[in-house]
Participant: 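The structure is given below, and queries will be raised subsequently.
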Number of protein chains: 2
Amino acid sequence: MKKSVTIKDVARETGVHVATVSRALSPNARALLSAEVVAKIRETANAMGYRPNRIAAGLRTRRTMTVGVMIPDITNTLFPPIVRGMEAALEPAGYASILVNTDNDPDREARLFDVLLQRGVDGIIDAAVTHMDPHLERISREVPIVTANRMVEGSGIPSVINDDAGGIRMMMQKLHDAGHRNIGHIAGPKDLSTGIQRREAFEAAAKGLDLKVSDTAMVVAERYNEDEGNRCALSALENSPDMTALLCANDRLAIGAVDAVASLGLKCPEDISVTGFNDIPFLDMIPPGLTTVQILQFDVGRIAAEILLKRMTEPDARVPETTIMPVSIIERNSIAPPRSGRGSKTRTARQSRKKTQG
Amino acid sequence: MKKSVTIKDVARETGVHVATVSRALSPNARALLSAEVVAKIRETANAMGYRPNRIAAGLRTRRTMTVGVMIPDITNTLFPPIVRGMEAALEPAGYASILVNTDNDPDREARLFDVLLQRGVDGIIDAAVTHMDPHLERISREVPIVTANRMVEGSGIPSVINDDAGGIRMMMQKLHDAGHRNIGHIAGPKDLSTGIQRREAFEAAAKGLDLKVSDTAMVVAERYNEDEGNRCALSALENSPDMTALLCANDRLAIGAVDAVASLGLKCPEDISVTGFNDIPFLDMIPPGLTTVQILQFDVGRIAAEILLKRMTEPDARVPETTIMPVSIIERNSIAPPRSGRGSKTRTARQSRKKTQG
DNA sequence: ATGATTTGCGCAAACGATTGCATGACCGTA
DNA sequence: TACGGTCATGCAATCGTTTGCGCAAATCAT
């Protein structure tokens, strides 16, 4: 459209060389110039509506002041607060972010890495890594990377994650305190670090509390969504008649699980207690009000961005390899003591459903 | 970190000039070369792991294959689906997007326009415009712009919006059909086109149905959020005792309104019917299940992106100035016939509340 | 065989900024 | 007065790619 005013135009206008203009406009080099020239140049630059072209600068300096942000899917309400957290750190430092959605598809992820690198991003925050990511280490040799919310173990790539283990442990304790001795688990996808770590934590906590969990009471979801939560909960409930509580690896699974409970003619929490993880937005408004592990979504993003900033500006600076953010339990209404005599009632409910189905 | 392989390296390796490499790699110019050279160059380029530097290309061509996306706040669940819709059109066309949040702050918006233009975006999709946006026309002379979900009237800037008027009209009809004759409105912010258009549609529909709405039954919110919904609903309910239904300009206001109804000791929908607009994610799970106007969030983003694509690739192409997307009513459980004898019951409820407060 | 076209590729100038080095003016000192 | 040293600014190369233009060789028409 309209061609914009360049450093050259400002130079011609003020009667100095372009190098002088460049220096006058650069905070670092400004000191090399006399105060009057700097003032004059900045004035006319403003008057002419000069806007630095970071593309041109980036070509020379190899810094674009742009970072790449990879997330699985922005419509998953877990991620927007994380993204805002990143922006909160990045924007004041002068960085903008290119945002891409991987849909948890490794091929797509590979293409998107290229998309980012072609555009010369100065760094990448990856909130979409899979547990054994094939690309990450290669990419991390080209540009600084920090993973957020998830990690790839043993990679040496800095990550900011939540205290998954602690959250699960606390939640198990809560259920135990309420009287539950037969607790099931809907685990997250086995290729995501959160799925793995929460599952391991579940098993460790069960052992610590001296609970045995049958194979049928633990079922792992393919994806973190409501349908999978429903499917897995149905499976667990049907095959583990004595189970009185379902600890789910995240809120969306838990929402699906609550539906499953209802579809079996049972009630949450009276018949089955259900718990979530993450405390996503609006969760408090959805009945029965899931008791969940609250993570600091915004701060996970913010801290990840801060670590990336450090790595970008001081490549030799040492940054913590994994930062673990604290979690807390939000108590709502999805935990109740196990119903006495629940076993028999449940069994009939389940049988009646099976009958109508088969 | 590691310096990457350039067109020059490929040229040296294959023994041709850089210009030849450039042509061999460009889909348009490829025809100028013999098939063998092209094949050889592409092969070795691949083998060497050549990755085009779009920054350098962009400097020359003034096209970065990057667009800017402005939204008010990505944590507002209305926007993620819109953003995904944009991406669905943009990514296949080779564009990546820089996403920024304005928080509906004009100063911030102005800064962010600069952030985008400095990075040489080829176009901007603006889902954060205010009704009389001071920057937009100036910016639109530098780079193609399309507004999404909102518009700035009379600007000539292409926009993709929803059939706000139609949605409101249909919803008014629904309430009228249910027997409501005394309907209030919580209007959206008066500096947003959605707020204005929905309010005007409300007034027009009321007139069309021969309903009078008292001043007190229509209150305009400062922002689209639950707290404002609550505050405005309280005001309307307290000052309009005969009102039996509240048509809200969006879902978040409606959620707040439902809370307000409850806090007055009334029930929705038995005592007061409440309706929303947008059908944001998870709305179906929040009691009592708001009847709302569903908009095609994903498609609004997608179509806006498609129009922008057209404007970017064919600057002289004519595009529709405003595209209006169809809406539909999603019926849930927040509309009921007005309760007979509701007036008196309500009045007592309100008075008792006033008593405890004042 | 000659001239006119076409084909295939190289040359070099851009694009807008940054930055190491050179240069000239000015100062103080010997 | 000459000399060394600062200080402020100019010069020109550079980043990686694209592209108008030119040139030589190949092809064609006559």
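To find a chain, count down the sequence lines: A is the first, B the second, and so on, and within it residues start at 1. Being a predicted model, the structure only gives us computed values, none of them experimental.
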Participant: List every contact pair, protein side and nucleotides 25-28 of chain D side both N or O, where the distance is under 3.5 Å.
Facilitator:
none

Participant: With sequence neighbours excluded, what pairs up with B:R63 under the side chain to side chain contact (heavy atoms under 4.5 Å, CB included) test?
Facilitator: B:T61, B:Y95, B:D122, B:M312, B:T313
Participant: For A:M48 and A:V10, work out which heavy atoms get closest and say how close.
Facilitator: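 Scanning both residues completely, I find the closest heavy atoms to be SD-CA, 4.0 Å.
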Participant: In residues 13-26 of chain B, what residues come within less than 4.0 Å of DNA chain D, judged by heavy atoms?
Facilitator: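 Residues of residues 13-26 of chain B that come under 4.0 Å of DNA chain D are, in numerical order, B:A19, B:S22, B:R23.
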Participant: For nucleotides 24-26 of chain C, give me every protein contact, N/O to N/O, under 3.5 Å, one pair per line with atom names.
Facilitator:
none

Participant: Salt bridge between A:D316 and A:R311, side-chain N to carboxylate O under 4.0 Å?
Facilitator: no
Participant: A:N53 has an atom CG; how far is it from atom C1' of C:dA14, in whole Å?
Facilitator: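 The answer, rounded to whole Å, is 14 Å.
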Participant: Taking all non-hydrogen atoms of both residues, which atom of B:L296 and which atom of B:M325 are closest, and how far apart?
Facilitator: CD1-CE, 4.3 Å
Participant: Roughly what angle, to 10°, lies between the helix axis at the start of the helix from C:dA1-D:dT30 to C:dA30-D:dT1 and the one at its end, five pairs per end?
Facilitator: 50°
Participant: Residues two or more places apart in sequence or in another chain: which of them pass side chain to side chain contact (heavy atoms under 4.5 Å, CB included) with A:A88?
Facilitator: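 Side chain to side chain contact (heavy atoms under 4.5 Å, CB included) list for A:A88, sorted by chain: A:F298.
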Participant: Within this structure, what is the CZ-to-P distance between A:R62 and C:dA17, rounded to whole angstrom?
Facilitator: 18 Å
Participant: Between C:dT18 atom P and B:Q118 atom CD, what is the distance in whole Å?
Facilitator: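 Rounded to whole Å, this separation is 11 Å.
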Participant: Can you name the side chain to side chain contact (heavy atoms under 4.5 Å, CB included) partners of A:A39, sequence neighbours left out?
Facilitator: none
Participant: Enumerate the salt bridge (Lys or Arg N to Asp or Glu O under 4.0 Å) contacts for residues 126-135 of chain B, please, sequence neighbours excluded, ordered by first and then second residue.
Facilitator: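 Listed once each, the pairs would be none.
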Participant: Figure out the CG/P separation between A:N28 and C:dA17, and round it to whole Å.
Facilitator: 17 Å
Participant: Between B:H131 and B:V152, what is the shortest heavy-atom contact and its length?
Facilitator: O-CB, 3.4 Å
Participant: Could you tell me how far apart B:L117 (CG) and C:dG16 (C1') are, to the nearest whole angstrom?
Facilitator: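 After rounding, the reported distance stands at 16 Å.
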Participant: Given atom CD1 of A:I7 and atom P of C:dC15, what is their separation to the nearest angstrom?
Facilitator: 14 Å
Participant: Determine all donor-acceptor pairs shorter than 3.5 Å in which one atom belongs to a side chain in residues 300-310 of chain A; sequence neighbours excluded.
Facilitator:
{"residue": "A:R302", "atom": "NE", "partner": "A:D299", "partner atom": "OD1", "Å": "3.2"}
{"residue": "A:R302", "atom": "NH1", "partner": "A:E306", "partner atom": "OE2", "Å": "3.1"}
{"residue": "A:R302", "atom": "NH2", "partner": "A:D299", "partner atom": "OD1", "Å": "2.9"}

Participant: Could you pull out the closest heavy-atom pair between A:P80 and B:P80, with the gap in Å?
Facilitator: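 Between these two residues, the closest heavy atoms are CG-CG, 4.1 Å.
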Participant: Taking side chain to side chain contact (heavy atoms under 4.5 Å, CB included) as the definition, give me every residue that meets it alongside A:E91, ordered by chain and number, with sequence neighbours left out.
Facilitator: A:E87, B:R108, B:R111, B:L112
Participant: Between A:S4 and A:Y50, is there a side-chain donor-acceptor contact under 3.5 Å, judged purely by atom types and distance?
Facilitator: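 On atom types as modelled, these side chains do not qualify, holding no pair under 3.5 Å.
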Participant: Provide the closest heavy-atom pair for A:R84 versus B:P72 in the form atom of the first, atom of the second, distance.
Facilitator: NH1-O, 4.2 Å
Participant: Give every residue pair that meets the salt bridge (Lys or Arg N to Asp or Glu O under 4.0 Å) criterion with at least one member in residues 11-32 of chain A, sequence neighbours excluded.
Facilitator: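 Matches after skipping sequence neighbours: A:D9-A:R12.
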Participant: Once you round it to whole Å, what is the distance between P of D:dT17 and CG of A:L59?
Facilitator: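 After rounding, the reported distance stands at 9 Å.
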Participant: Can you establish whether the number of heavy atoms outside A:R42 located under 6.0 Å from its atom CZ is more than 12?
Facilitator: yes
Participant: Any residue in residues 32-51 of chain A with a heavy atom nearer than 4.0 angstrom to DNA chain D? Just list them by number, or reply none.
Facilitator: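 Result for residues 32-51 of chain A: A:L32, A:L33, A:S34, A:V37, sorted by number.
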Participant: What's the CG-P distance between A:D122 and D:dC15, to the nearest Å?
Facilitator: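 Distance check: A:D122 CG to D:dC15 P gives 18 Å.
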Participant: Return the minimal non-hydrogen interatomic distance between A:D73 and A:F79, and the atom names on each side.
Facilitator: O-CD1, 3.6 Å
Participant: Heavy atoms from C-beta onward define the side chain here; which of D:dT18, C:dT18, D:dT17 lies closest to that of B:A56?
Facilitator: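 The closest nucleotide is D:dT17.
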